[in-house]
Trainee: 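My questions all concern the structure below.
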There are 2 protein chains.
Amino acid sequence: MVEQRRSIPGGDCTECRMRQSNEWQVLREEEVNFLARSQKCRSYHAGEVVFAEGEPSYGIYCVKSGTVAIRKIDNIGNPVLVQLGYPGDTLGYRGLLLGENRNSSAEALGPSKICFIDKQAVNTLLDKNPALGLQFLRRVTTDLDNAYTKLVENATFSNRTKFLHLLLVLMNRHGRMTNDGSRVMQLPLSRRDMASMIGTRHETVSRIISRLEEDGIARFSGRTVHVKQPHSLLEEIRPVVLE
Amino acid sequence: MVEQRRSIPGGDCTECRMRQSNEWQVLREEEVNFLARSQKCRSYHAGEVVFAEGEPSYGIYCVKSGTVAIRKIDNIGNPVLVQLGYPGDTLGYRGLLLGENRNSSAEALGPSKICFIDKQAVNTLLDKNPALGLQFLRRVTTDLDNAYTKLVENATFSNRTKFLHLLLVLMNRHGRMTNDGSRVMQLPLSRRDMASMIGTRHETVSRIISRLEEDGIARFSGRTVHVKQPHSLLEEIRPVVLE
DNA sequence: CGCCAGGTTGATTTCGCTCAAGCAATGTGG
DNA sequence: CCACATTGCTTGAGCGAAATCAACCTGGCG
């Protein structure tokens, strides 16, 4: 426990591959060096909390490896999984930018490496390099866009369809193609988490899974999922041919 | 029709009250002057389209007066109202910032005045004054936050509860207090629009309204709504006392 | 006048929630 | 090592909320 608090090797931003593809790509060399000095990287084990709802926002987090679950608590106290964070993703900017306490929690779903960049360092960088703010602006705008799309989808899709959508995006991230053209993945999520993501109960997810097996769409065994005909998923989702 | 294309009086940003309270407040004097020269303000009548899904993003819009509906089309072709724009709100930044076509449409719900600021002018200002970008960043972050909250609410609330929530926020915007402590408002929305906002059918909204009248919570007559005991709404919404 | 869009209401059915039981895997304390 | 609790998942039965389908009403408009 204790030794994980230390900064670990591999926390050097100058050679971080993630940096090429995310908001930080606009930093100039000396700014990257500044970032590398300010940032603190550490390992998290499965289930470990990165930050918790209600606590002050001390800085932001950059996922180097692993998968992170962002959850909010609904009005009756159930945690709802609202987003998954993957390598390259920057987490926790909301609280930081708005100067508010965290209103969501983050938990490593498996062994992960996550870098922490404190408030002051972020503000210094935003100040030095205006392009960084614009990068974040684009990123947040994209997220907002997706959130609205999800809002519309949730309002119109059946639970089964929403689950298939979820399965598809998880498959893209966590699945691997086998040599016979079928796909396999190891689910990173419990049924409860998946249920909360599509706004239903875990019992309903169980039933949906049963039906998918009956229909020959997919086979589930614990957290392992096999999909024989990956395009059978797509076909069922892509249903509506207008006019 | 044609003459409305012209810029109209009152479109001078230097004395625009909205500007004090929104993202543009960080502009310096010469930037405001630049904005005032670049911007084009015009009147819209009820039902008129401000921008339409699928078309290129030529710039952003700033609501000076009136109410604007932002809609997306769901997968089966129904328009879904995802947001309402009010005086001071800046609309259409998504498409502009991302350099993409509009993926939502905007329609004036009543007579409105809306200013247009074209792409180049926005980029010039963002470039000149980095604080503007940060203001937008905070604004979009707040929106994102609200979107996630809505996502969680939609997943857990009943239709009746969601409708009461909607009624409450509409009342805050459009309602007026009468001298006997009750509240009255003129609904800016059709039942269909309200239904789409809470992810249900217009028939269901009709039924919910009937029940609310039976329960003495509110009285509806066309688009006019009376609420005798404004806190009776709150009481029904604030239900869950944990532990 | 007929027509149409928006709204209300009714009858029926479907979907998904609730409550409940049971099961396997894992953990814990004696 | 066994007895027992706990956690995650599955399955069943019953019920309630809301979707669907359909009829009908109203006001506005060509």
Side-chain angles (χ1 to χ4, degrees), chain A residues 45-47 69 71 74-81 107 109-110 153-164 166-167 186-215 218-225 236 239-240, chain B residues 45-47 69 71 74-81 107 109-110 154-164 166 186-215 218-225 236 239-240:
Chain A
H45 52 259
R71 297 199 180 82
D74 73 11
N75 43 305
I76 52 173
N78 299 109
V80 178
L81 208 164
E107 174 197 328
L109 287 179
E153 286 182 2
N154 282 353
T156 49
F157 288 164
S158 70
N159 281 342
R160 170 161 172 148
T161 305
K162 284 189 269 182
F163 184 72
L164 286 175
L166 175 59
L167 219 51
Q186 212 47 30
L187 280 174
L189 300 173
S190 69
R191 316 277 143 138
R192 280 198 129 77
D193 271 336
M194 290 192 291
S196 78
M197 286 186 89
I198 61 174
T200 186
R201 308 282 142 181
H202 65 281
E203 297 100 317
T204 302
V205 167
S206 269
R207 286 182 234 277
I208 291 172
I209 287 176
S210 298
R211 305 241 174 90
L212 289 180
E213 298 202 315
E214 286 170 18
D215 299 350
R219 279 185 30 238
F220 291 76
S221 167
R223 289 198 174 184
T224 308
V225 191
E236 176 163 345
V240 201
Chain B
H45 53 256
R71 296 199 181 82
D74 75 8
N75 45 305
I76 51 173
N78 300 109
V80 178
L81 207 163
E107 176 197 327
L109 287 179
N154 282 352
T156 48
F157 288 164
S158 71
N159 281 341
R160 170 159 170 150
T161 306
K162 284 188 270 181
F163 184 71
L164 287 175
L166 175 60
Q186 211 47 27
L187 280 175
L189 301 172
S190 70
R191 317 277 143 140
R192 281 195 128 78
D193 272 336
M194 291 191 291
S196 78
M197 286 186 89
I198 61 175
T200 187
R201 307 282 142 180
H202 65 282
E203 297 100 317
T204 302
V205 168
S206 269
R207 285 183 234 277
I208 291 173
I209 287 175
S210 299
R211 304 244 174 88
L212 289 180
E213 298 202 315
E214 285 169 19
D215 299 349
R219 280 183 32 236
F220 291 75
S221 168
R223 291 201 173 182
T224 308
V225 190
E236 176 162 345
V240 200

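Atoms considered below: every heavy atom in the structure, side chains included; atoms not considered: hydrogens, waters and symmetry mates.
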Trainee: A/Arg223 has an atom CZ; how far is it from atom C1' of D/dT7, in whole Å?
Mentor: 12 Å
Trainee: Rounded to the nearest Å, what distance is computed from the CD atom of residue B/Glu214 to the C1' atom of nucleotide C/dT9?
Mentor: 12 Å
Trainee: CE of B/Met194 versus P of C/dT8: gap in Å, rounded?
Mentor: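 Spelled out: CE on B/Met194 to P on C/dT8 is 8 Å.
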Trainee: B/Met194 and side-chain contact (heavy atoms from CB on, under 4.5 Å): which partner among B/Thr200, B/Ile208, B/Leu81, B/Leu189?
Mentor: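 For B/Met194, the side-chain contact (heavy atoms from CB on, under 4.5 Å) check succeeds only for B/Leu189.
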Trainee: Atom pairs, N/O to N/O, protein against nucleotides 27-30 of chain D, distance under 3.5 Å?
Mentor:
none

Trainee: For B/Leu212 and C/dT8, what is the distance between atoms CG and C1' respectively, to the nearest whole Å?
Mentor: 15 Å
Trainee: On the nucleotide D/dC9, are OP1 or OP2 found under 4.0 Å from the side-chain N or O atoms that A/Arg192 carries?
Mentor: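 For D/dC9, neither OP1 nor OP2 has a side-chain N or O of A/Arg192 closer than 4.0 Å.
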Trainee: Just the rounded figure in Å: distance from P of D/dT26 to CZ of B/Arg191.
Mentor: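 From B/Arg191 CZ to D/dT26 P: 16 Å.
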Trainee: Give me the atom names and distance for the closest heavy-atom approach of A/Ile198 to A/Lys162.
Mentor: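 Nearest pair, atom of A/Ile198 first, then A/Lys162: O-NZ, 3.2 Å.
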Trainee: Between B/Arg160 (CZ) and D/dA17 (C1'), how many Å, whole number?
Mentor: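 B/Arg160 atom CZ is separated from D/dA17 atom C1' by 13 Å.
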Trainee: Please report the shortest heavy-atom distance between A/Gly47 and A/Glu107, naming the atom on each side.
Mentor: CA-OE2, 3.4 Å
Trainee: Under the criterion side-chain contact (heavy atoms from CB on, under 4.5 Å), which of B/Asn75, B/Ile76, B/Asn78 is the partner of A/Thr156?
Mentor: B/Asn75
Trainee: Among residues 201-211 of chain B, which residues get a heavy atom nearer than 4.0 Å to DNA chain C?
Mentor: B/His202, B/Glu203, B/Ser206, B/Arg207, B/Ser210
Trainee: What residues form a side chain to side chain contact (heavy atoms under 4.5 Å, CB included) with A/Arg211, not counting sequence neighbours?
Mentor: A/Arg160
Trainee: Given atom CG of A/Asp193 and atom C1' of D/dG8, what is their separation to the nearest angstrom?
Mentor: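 To the nearest whole Å, that distance equals 12 Å.
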Trainee: Provide, to the nearest angstrom, the distance between the CG atom belonging to B/Asn159 and the P atom belonging to C/dG16.
Mentor: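 Taking CG of B/Asn159 and P of C/dG16, I get 14 Å after rounding.
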Trainee: Does A/Ser158 put a side-chain nitrogen or oxygen below 4.0 Å from OP1 or OP2 of C/dC15?
Mentor: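 It does not, given that no N or O in the side chain of A/Ser158 lies less than 4.0 Å from OP1 or OP2 of C/dC15.
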Trainee: How about A/Ser221 and A/Thr224: does a side-chain donor come under 3.5 Å of a side-chain acceptor?
Mentor: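 Side chains of A/Ser221 and A/Thr224: no pair found under 3.5 Å.
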Trainee: Nearest heavy-atom pair of B/His202 and B/Arg192: which atoms, and what distance?
Mentor: CE1-NH2, 3.4 Å
Trainee: To check you understand the geometry: which heavy-atom pair defines the closest contact between B/Arg223 and B/Pro188, and what is its length?
Mentor: NH1-O, 3.5 Å
Trainee: How close do B/Phe220 and B/Arg191 get, heavy atom to heavy atom, and via which atoms?
Mentor: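 Where B/Phe220 meets B/Arg191 most closely, the heavy atoms are CD2-NH1, 4.4 Å.
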